[in-house]
Amino acid sequence: MASTTIDPDLTNAPPLRPRPTSAFSTWANRHRKWLFAAPAMAFVAILIVVPLVWTAYLSLTDARGSVRAAADFVGLKNYLTVLTDTARFWPAVGRTVLFTGVVLVFEVVLGMCIALLLWRPFRGERWVRVAVLLPLVATPVAVGMMWRLIFDPNIGFANQALGWFGIPPQPWLAGQESALWTTMFIDVWQWTPMVALILLAGLTSLSDEPQEAAKIDGASTWQRFWFVTLPLMMPTVVVAILLRGIDALKTFDILYATKGKGGGSFNEVETLNVYAYGLSFDYNQYGVSSTVLILFFLLIIGVMWALTGRKKKES
């Protein structure tokens, strides 16, 4: 047998030691999750925080006419002007709250009905899902223009369809009282499928055991929904309300596409978004419009805080 020889230099070699790491490497390893998130956080800061700070600064000045024109610092004067404006600002606040509340109720109720319909497999399920999702394909501006033609009081299909049943023509978007409710209908038509998708995702994640146990105990379909399905779905429902509610508060494109500047000749659909847009681009009052936007931002933050607290409670 061949004998193996061991190099005496290897047997007397000192043990290997780990390479020393620098203080920065140790710190980076300890805070790596923040370092990886830092680029995204910086991107968000640039796109959100910087414009928000600049808008807050403009709200304290009398900026108007041109973005390059010199502006004087006026403090809280713009806030006092806006908060005491009972002709345009507070009616716009009321329309914003009314629009958001009404569309949320209808979209959540109809979305839940659609989600329950699509929850269990049935024949032709794919075609029904495609039909339900069709309103989400088009952009809000295109949807607004389409419904503007449908609701035209002279040549629109809506009044022609009413004529088939002997119902007189309606003003729809042309009426002062009916315009806001008509835009609510358009918003419900387009965004109910999104709420239905969120609720359907929540339904598919539920376990079948509670339903089966309630069925064995003799609970009816309505009782199983009200006492079993709905309580289990409440966290998902709150999420849907949170996402859709914030988006509904900021609705602009449908309103502007259907009624134009000022929300109509009599400001019948003028919400806070439309009001701030008109102050900026129609009247070039950048200081006052920035004030409206800051107050609108605080309103959205308050709604988010309330709904987030509700979500934690439901969870």
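In this text, all values refer to a predicted model and were calculated from it rather than measured experimentally. Below, each value reflects all heavy atoms present in this structure, side chains not excepted, and no hydrogens, waters or symmetry copies.
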Q: How many angstroms lie between atom OG of Ser265 and atom CD of Gln176, to the nearest 0.5 angstrom?
A: 8.5 Å

Q: For Glu125, check side chain to side chain donor-acceptor pair (under 3.5 Å) against everything at least two apart and list the hits.
A: Arg129

Q: So Tyr277 and Phe252, would you call those rings parallel, tilted or perpendicular, with 30° and 60° as cut-offs?
A: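 Plane angle between 30° and 60°, so tilted.
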
Q: If hydrophobic clusters are built from ILVMFWY residues whose side chains come within less than 4.5 Å, do Val97 and Val269 share one?
A: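 No, because Val97 and Val269 fall into different hydrophobic clusters, even though each may have its own neighbours under 4.5 Å.
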
Q: side-chain contact (heavy atoms from CB on, under 4.5 Å) between Leu199 and Met112: does it pass, once the steps are laid out?
A: CA-CA 6 Å; Leu199 298 180; Met112 178 64 75; 3.9 Å; yes

Q: Which atoms form the tightest heavy-atom contact between Val228 and Pro210, and what is the distance?
A: CG1-CB, 3.7 Å

Q: Look at the side chain of Arg224 and the backbone N and O of Ala219, then say whether any donor-acceptor pair between them is shorter than 3.5 Å.
A: yes

Q: Which atoms form the tightest heavy-atom contact between Leu83 and Leu295, and what is the distance?
A: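 Looks like CD2-CD1, 3.8 Å.
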
Q: What residue pairs, at least two apart or across chains, pass side chain to side chain donor-acceptor pair (under 3.5 Å) with a residue in residues 243-257?
A: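 Side chain to side chain donor-acceptor pair (under 3.5 Å) check on residues 243-257 returns Glu107-Arg244, Asp187-Arg244, Arg244-Asp247.
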
Q: Has the side chain of Thr258 got a donor or acceptor atom that lies under 3.5 Å from a matching backbone atom of Leu255?
A: yes

Q: For Gly262, is there any backbone N or O sitting under 3.5 Å from a side-chain donor or acceptor partner on Asn267?
A: yes

Q: Just checking Trp181: does its CH2 atom have more than 12 heavy atoms from other residues, nucleotides or ligands closer to it than 6.0 angstrom?
A: no

Q: Less than 4.5 Å apart, any side-chain heavy atom of Leu60 and any of Asn78?
A: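 No, their side chains stay 4.5 Å or more apart.
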
Q: Decide yes or no for Phe89 and Leu272: does some side-chain heavy atom of the first lie under 4.5 Å from some side-chain heavy atom of the second?
A: yes

Q: Not counting sequence neighbours, which residues clear side chain to side chain contact (heavy atoms under 4.5 Å, CB included) with Leu293? List them please.
A: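 Partners of Leu293 by the side chain to side chain contact (heavy atoms under 4.5 Å, CB included) criterion, ordered by chain and then number, come out as Thr55, Ala276.
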
Q: Work out which heavy atom in Val274 is nearest to a heavy atom in Gly263; give both atom names and the distance.
A: CG1-N, 3.6 Å

Q: Restricting to non-hydrogen atoms, name the atom on Leu98 and the atom on Met184 that form the minimum distance, rounded to 0.1 Å.
A: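 Leu98 and Met184 have their closest heavy atoms at CG-CE, 3.8 Å.
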
Q: Strictly under 6.0 Å, is that where the ring centroids of Trp90 and Tyr275 end up?
A: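 Between Tyr275 and Trp90, which both carry aromatic rings, the centre distance is not below 6.0 Å.
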
Q: Look up atom CZ in Phe296 and atom OG in Ser290, then write down how far apart they are to the nearest 0.5 Å.
A: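 Between atom CZ of Phe296 and atom OG of Ser290 there are 14.5 Å.
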
Q: Taking all heavy atoms of Val237 and all of Val108, pick out the closest pair and write down the distance.
A: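 Val237 and Val108 have their closest heavy atoms at CG1-CG1, 4.3 Å.
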
Q: Side chain of Gln190, backbone of Val137: donor and acceptor closer than 3.5 Å?
A: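 No, because the side chain of Gln190 does not come within donor-acceptor range (under 3.5 Å) of the backbone of Val137.
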
Q: Between CD1 of Ile48 and CG of Leu52, what distance do you get to the nearest 0.5 Å?
A: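 So the gap between those two atoms works out to 9.0 Å.
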
Q: Between Pro140 and Trp191, is any pair of side-chain heavy atoms under 4.5 Å apart?
A: yes

Q: Would the distance check show the side chain of Glu270 and the main-chain N or O of Glu268 forming a donor-acceptor pair, the cut-off being under 3.5 Å?
A: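 Side chain of Glu270 to backbone of Glu268: no pair is present.
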
Q: Do other residues, nucleotides or ligands put more than 12 heavy atoms under 6.0 Å from Met146 CE?
A: yes

Q: Report yes if some heavy atom in the side chain of Trp27 is under 4.5 Å from a heavy atom in the side chain of Leu35; otherwise report no.
A: yes

Q: Is there a donor-acceptor pair under 3.5 Å between the side chain of Thr291 and the backbone N or O of Gly287?
A: yes

Q: Can you pull the ring-ring contact (aromatic ring centres under 6.0 Å, His included) pairs that have at least one residue in residues 93-136, sequence neighbours excluded?
A: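 Non-adjacent pairs meeting ring-ring contact (aromatic ring centres under 6.0 Å, His included): zero.
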
Q: Could you list the residues that satisfy side chain to side chain contact (heavy atoms under 4.5 Å, CB included) with Leu133, not counting sequence neighbours?
A: Leu136, Pro193, Leu197

Q: State plainly whether one hydrophobic cluster holds both Met145 and Val143, where clusters connect Ile, Leu, Val, Met, Phe, Trp and Tyr through side-chain heavy atoms under 4.5 angstrom apart.
A: no

Q: Might you point out which heavy atoms bring Pro91 and Ala87 nearest each other, and give the distance in Å?
A: CG-O, 3.5 Å

Q: Could you tell me whether the side chains of Thr229 and Gln211 share a donor-acceptor contact shorter than 3.5 Å?
A: yes

Q: Just wondering, do Arg64 and Asn284 contact through their side chains at under 4.5 Å, heavy atoms?
A: no

Q: Take Val49 and Val44 through the test side-chain contact (heavy atoms from CB on, under 4.5 Å) and record every step on the way to the result.
A: CA-CA 7 Å; Val49 177; Val44 170; 5.7 Å; no

Q: When hydrophobic residues are tied together by side-chain contacts of less than 4.5 Å, even through go-betweens, does Tyr286 share a cluster with Val74?
A: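 No; tracing contacts between hydrophobic side chains, which count when under 4.5 Å, never links both residues.
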
Q: For the CZ atom on Arg120, are there more than 12 heavy atoms of other groups (residues, nucleotides or ligands in this structure) within a distance under 6.0 Å?
A: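 Yes, because the 6.0 Å sphere around CZ of Arg120 holds more than 12 heavy atoms from other groups.
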
Q: To the nearest 0.5 Å, what is the distance between CG (Leu117) and CG (Leu200)?
A: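 Spacing of CG (Leu117) from CG (Leu200) equals 10.0 Å.
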
Q: As an exercise, state the distance from CH2 of Trp54 to CG of Leu58, rounded to the nearest 0.5 Å.
A: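 The CG atom of Leu58 is 5.0 Å from CH2 of Trp54, to the nearest 0.5 Å.
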
Q: Examine distances only and state if a side-chain atom of Thr183 and a backbone atom of Leu180 form a donor-acceptor pair shorter than 3.5 Å.
A: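 Side chain of Thr183 to backbone of Leu180: a pair is present.
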
Q: Do Ser178 and Gln170 come close enough that some side-chain heavy atom pair is under 4.5 Å?
A: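 With C-beta onward as the side chain, the pair stays apart.
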
Q: Assigning hydrophobic clusters by single linkage (Ile, Leu, Val, Met, Phe, Trp, Tyr; side-chain heavy-atom cutoff under 4.5 Å), is Ile300 placed with Leu104?
A: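 Yes.
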
Q: Once side chain to side chain donor-acceptor pair (under 3.5 Å) is applied, what residue pairs with a partner in residues 152-163 remain, sequence neighbours excluded?
A: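 Applying side chain to side chain donor-acceptor pair (under 3.5 Å) to every pair that reaches into residues 152-163, excluding sequence neighbours, yields Asn159-Trp172.
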
Q: Same hydrophobic cluster for Phe185 and Leu110, using side-chain heavy-atom links shorter than 4.5 Å among ILVMFWY?
A: no

Q: Roughly how far, to the nearest 0.5 Å, is the CE atom of Met304 from the CD1 atom of Ile246?
A: 4.5 Å

Q: Please work out whether the ring planes of Trp226 and Trp222 are parallel, tilted or perpendicular, with thresholds of 30° and 60°.
A: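 Rings of Trp226 and Trp222: parallel, under 30°.
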
Q: Can you check side chain to side chain donor-acceptor pair (under 3.5 Å) on Ser59 and Tyr79, steps first, answer last?
A: CA-CA 8 Å; Ser59 69; Tyr79 289 90; 2.8 Å; yes

